[in-house]
Amino acid sequence: MTLKELQPQLLALSPEEKTQAIQFLAQSLTNFWSGIQKTPGVCGGDACIRQTRIPVWVLVNARRLGISESELLQDYPTLRAADLANAWAYAEAYPDEIETAIQENEDD
């Protein structure tokens with residue numbers, strides 16, 4: 001998709017959505033996601049919650065299976081609500097990456 005093709009969609013966004021789009025773009029430029037890290041050799045290099053070995057794809061898949069955020073916070077006591085918000089934002093920005101990780105790990 002080109003910027004010219006994307007322009008009408010961007011202009012149709014609400015002010016809040018435009019702010020979110022700008023934040024996503026800024027984060028993608030720096031390749032930095034608050035609270036999310038990728039470390040070669042840790043969890044296959046998958047995106048994980050900062051300073052943990054909890055991959056984002058695990059949380060996304062759990063949510064798809066009907067596990068609530070409060071249950072996730074109980075199941076993973078080191079997680080904070082902000083960690084889940086960061087995970088959801090990362091997953092929204094990189095859906096193909098997350099989907100591929102889920103598929104690869106379901107095959108195991």
Side-chain angles (χ1 to χ4, degrees):
M1 174 175 287
T2 67
L3 184 57
K4 187 175 182 175
E5 294 169 333
L6 189 58
Q7 187 175 5
Q9 295 170 351
L10 290 172
L11 293 174
L13 294 174
S14 71
E16 284 181 9
E17 291 169 324
K18 287 177 183 174
T19 300
Q20 290 174 343
I22 291 168
Q23 289 171 342
F24 283 134
L25 290 171
Q27 286 175 330
S28 72
L29 287 173
T30 62
N31 204 17
F32 173 78
W33 284 84
S34 178
I36 305 295
Q37 63 189 39
K38 287 184 175 183
T39 306
V42 175
C43 296
D46 289 337
C48 292
I49 301 300
R50 63 38 201 158
Q51 300 175 345
T52 75
R53 291 178 178 255
I54 304 170
V56 172
W57 71 263
V58 167
L59 299 172
V60 171
N61 197 44
R63 189 163 77 165
R64 287 182 185 173
L65 295 171
I67 298 173
S68 70
E69 289 191 11
S70 61
E71 290 172 307
L72 286 171
L73 293 172
Q74 288 175 353
D75 292 344
Y76 297 96
T78 59
L79 288 183
R80 303 167 300 155
D83 294 326
L84 293 179
N86 291 333
W88 308 150
Y90 184 90
E92 188 175 317
Y94 297 102
D96 293 339
E97 175 187 326
I98 299 302
E99 198 58 44
T100 298
I102 290 171
Q103 293 302 318
E104 287 174 353
N105 286 281
E106 282 184 347
D107 293 341
D108 291 344

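As the structure is a computational prediction, the values presented were derived from the model and not from experiment.
With rounding to the nearest 0.5 Å, the separation of OG1 in T2 from CD in Q7 is 9.5 Å. Annotation: the span from Q20 atom CD to L13 atom CG amounts to 9.0 Å, rounded to 0.5 Å. Put simply, CG on D46 and CG on N105 are 6.5 Å apart, with the number rounded to the nearest 0.5 Å. For the atom pair CG of L73 and CG of L84, the computed distance is 5.0 Å after rounding to the nearest 0.5 Å. Note that the CH2 atom of W88 and the CG atom of L59 stand 5.0 Å from one another [nearest 0.5 Å]. The line from CD1 of I49 to CZ of R80 is 9.0 Å long, rounded to the nearest 0.5 Å.
No side-chain heavy atom of N61 sits under 4.5 Å from any side-chain heavy atom of I98.
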For T100 and E97, run side chain to side chain donor-acceptor pair (under 3.5 Å): C-alpha distance rounded to whole Å, both residues' side-chain angles, the deciding distance at 0.1 Å, then the answer.
CA-CA 5 Å; T100 298; E97 175 187 326; over 6 Å; no

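Residues W57 and Q103 bring no donor and acceptor atom of their side chains to less than 3.5 Å of each other.
In terms of modelled atom types and a separation under 3.5 Å, the side chain of E17 and the main chain of S14 share a donor-acceptor contact. The backbone N or O of V42 sits nowhere less than 3.5 Å from a side-chain atom of T39 that would complete a donor-acceptor pair. Put simply, the side chain of T52 never gets that close to the backbone of C48: no donor and acceptor are under 3.5 Å apart. Of the possible donor and acceptor atoms, one in the side chain of E71 sits under 3.5 Å from a partner among the backbone N and O of S68.
Smallest separation of non-hydrogen atoms from I102 and R64: CD1-NH1, 3.5 Å. Minimum interatomic distance between N86 and G35 (heavy atoms only, all atoms of both residues): ND2-CA, 3.8 Å. Nearest heavy-atom pair, V56 versus A91, reported as atom, atom and distance to 0.1 Å: CG1-CB, 4.3 Å.
Surrounding CD of E16 are at most 12 heavy atoms belonging to other residues, nucleotides or ligands under 6.0 Å away.
The existence of a salt bridge linking D83 and R50 is confirmed by a sub-4.0 Å separation between a basic side-chain nitrogen and an acidic carboxylate oxygen.
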